[in-house]
Visitor: 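Sharing a structure here in structure tokens format.
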There are 2 protein chains.
Amino acid sequence: MKSETGSNSSARAPLSQERVLHAAVAVADQGGLESLTMRRLGEHLGVEAMSLYKHVASKDQILDGIIDIVVGEIDLPSPGTHWKTAMRQRANSARRVLTGHPWAIGMLESRNAMGPAALRYTDAVIGSLRGGGFSIELAAHAFWLLDSYIYGFVVQELSLPFPTDEKSASRATAETLPLDEYPHLVEMATEHVTSPDQYAIEFEFGLDLILDGLEKHRDG
Amino acid sequence: MKSETGSNSSARAPLSQERVLHAAVAVADQGGLESLTMRRLGEHLGVEAMSLYKHVASKDQILDGIIDIVVGEIDLPSPGTHWKTAMRQRANSARRVLTGHPWAIGMLESRNAMGPAALRYTDAVIGSLRGGGFSIELAAHAFWLLDSYIYGFVVQELSLPFPTDEKSASRATAETLPLDEYPHLVEMATEHVTSPDQYAIEFEFGLDLILDGLEKHRDG
DNA sequence: TTCTCTTGGCTTACTTAGTAATCCTACGGG
DNA sequence: CCCGTAGGATTACTAAGTAAGCCAAGAGAA
């Protein structure tokens, strides 16, 4: 098993900070944040845990790094696009990316260092709004509002059990609950359909409402 | 030091699940989530770590419990109030509570249990909307939209360095950044005033926009 | 009273984490 | 040919969650 003498062709690719961070994303994606340990990450890269420290300073730095990688996956508004289209696109892209890396959203509040991708993202969004005729003040408002909505929506979407676990949802709403204590909850659970793409519809509703409201502010 | 023989007056109050959970909130409040360890929690209660397990099943259960305690601190809309007033009140209350326990927001996505307080909260909000003339569908939309906004706003508010650390903010925006790479960011940082209660103003803006939009939907 | 449960605490010890300190080895330039 | 260094492995320390089992004090029952 240790026939790796000399210039064997299967000599593993050398580590690098980049490879470590991308591997960390992969590990977190498949096992969740709590499965991302230095030893497991090393294993994933065919390397001992301590070897990682030759490329990153600490686990904290890894955590900062993988957030920025995720943020970097969000599509930036392309310069020419109308602001409303651009905002809709980046909102949908952000939601897709964040739900695709469910561990990421929970880290946004704890680590406040904005990496390069986060800076680029923020700059592009504000730029798109300014280009769309928003004042500085209104652009700031719009940015806060839209980002709040996106983050919060994803937080809720991920914290609700529906998508992953069909039967736990019905059990939670139908059996476990003391039905008469929460009449409105029960009413909603029974009468409000919950289709697989309900979240997309729900997301669109709020997004449209916000974009329309912003447009009115811009024009009025 | 072990003079606690017999019916000493300073015999410590007996533990209980409630006392453990409230102590856990206190520990997390003063030291952050990562400072909440079983040993420290025990210390805080004058007890060994393992003794806690006579009252709670696991640390996970503690985490679920303290979230529900925090949610329970949010003011519920009082039944008689106009829906718009009620939503504004509970939004402000929720923001106040969540920023007061900064560790809480990051846990909302990971633990999906919904304790009794969360159920009560959800039920009351939906009830207020239904009472205000919202259809089931629109009440669901409104709930999602408002809660997304609140959660997301708090996430952003807590992840930005401004309030706690005055000089790190200016350093981050003024010195560390390669200024010309992020022109819009720089513009906003320089021209957009950031007063201490900026967050409250920012929050109001989005809240008003959303509430007005919802009202329009309800009436049209 | 005395014996025995039960309740609620303590002690010990095992596992898994992050990481400091140290060591080893192959390679590249003098 | 030698040696410094880069990039890996080894060992070991500390802190955390928690399983297992011990022990004291109070509440009934005989």
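A, B, ... follow the sequence lines: proteins, then strands. Residue 1 opens every chain.
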Visitor: Once you measure the plane-to-plane angle for Phe205(A) and His141(B), does it fall in the parallel (<30°), tilted (30-60°) or perpendicular (>60°) bin?
Guide: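 Correct class here is parallel.
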Visitor: Protein within reach of the bases, or only the backbone? For nucleotides 16-22 of chain C, mark each nucleotide 5' to 3' as B, S or -, using heavy atoms under 4.0 Å.
Guide: -BBBBB-
Visitor: Sorted by first residue and then second, give each ring pair (Phe, Tyr, Trp, His ring centres under 6.0 Å) pair with at least one member in residues 52-75 of chain B; sequence neighbours left out.
Guide: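 Sorted pair list comes back empty.
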Visitor: For residues 118-126 of chain A, run the donor-acceptor check on the side chains, cut-off 3.5 Å, and write out each pair with its distance to 0.1 Å, sequence neighbours left out.
Guide:
unit_1	atom_1	unit_2	atom_2	d
Tyr121(A)	OH	Arg90(A)	NH1	2.5
Thr122(A)	OG1	Ala118(A)	O	2.8
Asp123(A)	OD1	His184(B)	N	2.9
Asp123(A)	OD1	Leu185(B)	N	2.8

Visitor: Should Arg39(B) and Glu48(B) count as an ion pair when the cut-off is N to O under 4.0 Å?
Guide: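 Between Glu48(B) and Arg39(B) there is no salt bridge, as every charged N stays at least 4.0 Å from the carboxylate O atoms.
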Visitor: Rounded to the nearest 0.5 Å, what separation is found between the OG1 atom of Thr37(A) and the NZ atom of Lys59(A)?
Guide: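 Thr37(A) OG1 to Lys59(A) NZ: 6.5 Å, rounded to 0.5 Å.
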Visitor: Do any side-chain nitrogens or oxygens of Ser51(B) fall under 4.0 Å of OP1 or OP2 in dG8(C)?
Guide: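 Answer no for this pair, as no side-chain N or O of Ser51(B) is under 4.0 Å from OP1 or OP2.
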Visitor: Can you list the residues that meet the side-chain hydrogen bond (donor to acceptor under 3.5 Å, both in side chains) rule with Ser78(A), with sequence neighbours excluded?
Guide: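 Once residues adjacent in sequence are excluded, the partners of Ser78(A) under the side-chain hydrogen bond (donor to acceptor under 3.5 Å, both in side chains) criterion are Thr81(A).
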Visitor: Tell me which residues in residues 102-111 of chain A lie within less than 4.0 Å of DNA chain C, going by non-hydrogen atoms.
Guide: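 Nucleic-acid contacts, sorted: none.
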Visitor: Would you say His55(B) reaches dT7(C)'s phosphate, i.e. side-chain N/O to OP1/OP2 under 4.0 Å?
Guide: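 Indeed not, no polar side-chain atom of His55(B) lies that close.
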Visitor: Expressed as a whole number of angstroms, how long is the span from Glu48(B):CD to dT18(D):C1'?
Guide: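 To the nearest whole Å, that distance equals 14 Å.
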Visitor: If you measure only the distance, is there a donor-acceptor pair under 3.5 Å linking the side chains of Glu109(A) and Ser159(B)?
Guide: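 No.
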Visitor: Answer yes if the side chains of Glu73(A) and His101(A) hold a donor-acceptor pair under 3.5 Å, and no otherwise.
Guide: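 Judged by distance alone, the side chains do pair up.
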Visitor: Distance check, rounded to the nearest 0.5 Å: His22(A) atom NE2 versus Arg19(A) atom CZ?
Guide: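 Here the interatomic distance stands at 11.0 Å.
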Visitor: Under 6.0 Å from the ring centre and within 45 degrees of the ring axis: does the NZ or CZ of Arg95(B) meet both conditions for the six-membered ring of Phe153(B)?
Guide: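 Output no; distance or angle outside limits.
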Visitor: At a heavy-atom distance below 4.0 Å, what parts of residues 20-28 of chain B sit against DNA chain D?
Guide: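 Result for residues 20-28 of chain B: none.
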Visitor: In whole angstrom, what separates Glu43(B)'s CD from dA15(D)'s P?
Guide: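 Checked: the CD to P distance equals 12 Å.
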